[in-house]
Visitor: 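Provided herewith is a single structure, encoded as structure tokens, for subsequent inquiry.
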Amino acid sequence: MTRLEGTKFELPAFADASALEGGPPRPPWKDVLSRLRRNKLAVAGFIIIGFVIVMALTAPFVAQQHPDANGTFKIFPRDNKQPPSLAHLMGTDALGRDMLSLVIYGSRVSLLVGVFAVGFAILLGAFLGAISGYAGGRLDNVIMRLMDIMLAFPSILLALAIVVIIGPGLFNAMLAVGVVSIPTYARITRATVLAESNRDYVLSARAVGAGPQRILWRHIMPNALSPLIIAASLGIATAILDAAGLGFLGLGAQPPTPEWGLLLSRNRSHIFTSPWMVFFPGISIMFLVLGFNLLGDGLRDALDPKMSRQR
Amino acid sequence: MIRYILRRLLLVIPVVVGVTFLAYSMVLLTGDPTSALAGEHATPALRAQIREQLGLDDPLLVQYARYVGRLLQGDFGTSIMTRTPVGSELRQFFPATMELAFSAMLIAILIGVPLGVIAGYKHNTFVDLANTVAALIGVSMPIFWLALIMLWVFGLKLGWFPTTGRLDTAVELTKITNLYVVDSLLTSNPAALWNALHHLALPAMALATIPTAFIARITRSAMLDVLGEDYIRTARAKGAVERVVVFRHALKNAMLPVLTVIGLQVGLLMSGAILTETIFAWPGMGRWVVNAIIARNIPVIQTAVLVFALIFVFVNLLVDLLYAWVDPRIHYG
């Protein structure tokens, strides 16, 4: 599906002027970086994600209110339902807690969910896909039919089914959202492995006596890295959205975790009187998801010029 | 062609078997089913009796075969909450979701395709950029949040649309298919038709947002690909009007990838329906399954999972077949 030449691991010698002059070759990631920098939307995505990461890391310093050791935020009944003001930029909720502080601490949860779910899915998916593509035959058939069955379910529904089986909660929701996306990564990896296994460099590696393990993991798999990175960035976006959806349905993070989807659903009944309680958690989800989508699109253009649709 | 269709149909079999097996095993994976029926403190004797009655001591494959046998007879079990057959609840909720999803898809195609065509045609202009950004925001939006905001603005602040249900209780409608729009047309009932459409508008628009964004993006890139082709230059060279070039020559060829995406959107639509229905109190499959999950009403969850997955499988089958039919260049061996 996606063959990568001249991007990351196989620079044709003539593409590199400095190599001809005898100087140190320009590392391929520099090309990628400069292409990425020229893509304004990708830069915007990068800034958004960076902003949220900084917010998550500095939460104890920038937030106004903090959770106690149990993760519970103190309630201030007298300050309840305050509209946004200088004292509370995002207003307060029905218990008088500062919405901005909840949203800031919530960013930690969403980032964690996105990275964990996708990391887990890539590890398993890439492993299954690599084995499937390289071994071929019956094993390939069994693994890919299994992936087909998983793909036969709409993602949230499969995640819901998994949560029904293993029970609600933040960790289980992360797991469910991760499991659901395994087939995506398996398919990408398998396609790359299939495309690469008959290339000359694989044959020559085999000719000099490299074993199948070494050929697969050291020679072929690095080529799957770029498509996986692109898919991961877009996958984190989906994972955050799905996990927020589970939180909203009450099947993901449980109180007192300030997860954005959960915050939104808890404040849902107040939308008529205090819409800011619903507005801000939602816009935060959109902001972060947008960041990952922008970055993913930009990475696709930068890492894989051939896949790019932009002219 | 016929061989391709047959092979594609055969591929569906293992998937359907897998899906039914997963639906079946949910009973066993979610804990002791006797507790769900007789309570946590049931005596061992009572449990044994229930196990005997339900055949839970038989080999797994025998139980599975029995489950599939019942499914084939249209027996989906009994809802633990309402004690009514799941099948009759399904007949009531399924059309509601179909009506919602179909309307949303229609909106998404009617808006998304023209937007994508314009963006592709005027690429690298402000219109294109605005379109790209809007589509990206559309894809990044949590649908439950958008639905709530729409409910607040259009339902409450402006009061343009009703915010819950499918029909006002005062409106009378003879139910034939349970698709209210169809039913009101069949019984030529304009009052009910108007009321049903009025209720449908907000949830359908909320549900349509993400598919619209996706379709616009794909149409744009497909148009970009096609507009660079030689036959477009030929069409222009022979003096064809620009409108004819764009709509007859380009769009027709750009529709192939769009078709695939529309097929894939069905899955997203169903995920979206689960959330949208919860917010607009739309009495469909989504709300049904969420309530069932909260109440651990396994027969309902099983059926809903099964039905959702089967729709998804068959829509994708349909898209694949359509693909082969639309594109005569593809010859499948």
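What you see is a predicted model; the values in this text were computed from it and never measured. Proteins come first, then strands; the chains are lettered A, B, ... in the order of their sequence lines, and each starts at number 1.
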Visitor: Using heavy-atom distances under 4.5 Å, tell me whether A/F287 contacts chain B through its side chain, its backbone, both, or neither.
Guide: neither

Visitor: Tell me, do B/W145 and A/F248 make a side-chain contact under 4.5 Å, heavy atoms counted?
Guide: no

Visitor: What part of A/L251 gets within 4.5 angstrom of chain B, counting heavy atoms only: side chain, backbone, both, or neither?
Guide: side chain

Visitor: Minimum heavy-atom separation for B/M141 and B/T209, please, with both atom names.
Guide: CE-CG2, 4.1 Å

Visitor: Under 30°, 30 to 60°, or over 60°: which ring-plane class applies to B/F154 and B/F161, parallel, tilted or perpendicular?
Guide: perpendicular

Visitor: Counting only non-hydrogen atoms closer than 4.5 Å, does B/V16 touch chain A with its backbone (N, CA, C, O), its side chain (CB onward), both, or neither?
Guide: neither

Visitor: Below 4.5 Å from any heavy atom of chain A, which atoms of B/L151 appear? Answer side chain, backbone, both or neither.
Guide: side chain

Visitor: When only pairs under 4.5 Å are counted, which of B/V289, B/T278, B/L269 shares the most heavy-atom pairs with chain A?
Guide: B/T278

Visitor: Go through the atoms of B/L148 and report whether side chain, backbone, both or neither lie under 4.5 Å from a heavy atom of chain A.
Guide: both

Visitor: Do you know which two heavy atoms are closest between B/P299 and B/V86, and how far apart they sit?
Guide: CB-CG2, 3.9 Å

Visitor: Tell me, side chain or backbone of A/A237 under 4.5 Å from chain B's heavy atoms, or both, or neither?
Guide: neither

Visitor: Please verify the inter-ring angle class for B/F21 with B/Y64; under 30° counts as parallel, over 60° as perpendicular, anything in between as tilted.
Guide: perpendicular

Visitor: With a 4.5 angstrom heavy-atom cut-off, which part of B/I301 approaches chain A: side chain, backbone, both or neither?
Guide: side chain

Visitor: Of the listed residues (A/G291, A/S265, A/A44, A/A244), which shares the most heavy-atom pairs with chain B below a 4.5 Å separation?
Guide: A/A244

Visitor: Which answer fits B/L22, side chain, backbone, both or neither, if we ask what part of it has an atom under 4.5 Å from a heavy atom of chain A?
Guide: side chain

Visitor: Quick one: what part of B/V290 sits under 4.5 Å from any heavy atom of chain A, side chain, backbone, both or neither?
Guide: side chain

Visitor: Identify which of A/D242, A/I283, A/I240, A/T238 forms the greatest number of heavy-atom pairs closer than 4.5 Å to chain B.
Guide: A/I283

Visitor: For the residue pair A/Q254 and A/P168, what are the closest heavy atoms and their distance?
Guide: NE2-CB, 3.7 Å

Visitor: Could you point out which residue of B/R217, B/R220, B/K122 forms a salt bridge (charged side-chain N to carboxylate O under 4.0 Å, His left out) with B/D128?
Guide: B/R220

Visitor: May I ask you to decide whether A/R266 forms a salt bridge with A/D93, counting only side-chain N to carboxylate O separations under 4.0 Å?
Guide: no

Visitor: A/F272 versus chain B, heavy atoms under 4.5 Å apart: side chain, backbone, both or neither?
Guide: both

Visitor: Would you mind reporting whether A/M277 and A/M90 have side-chain heavy atoms less than 4.5 Å apart?
Guide: no

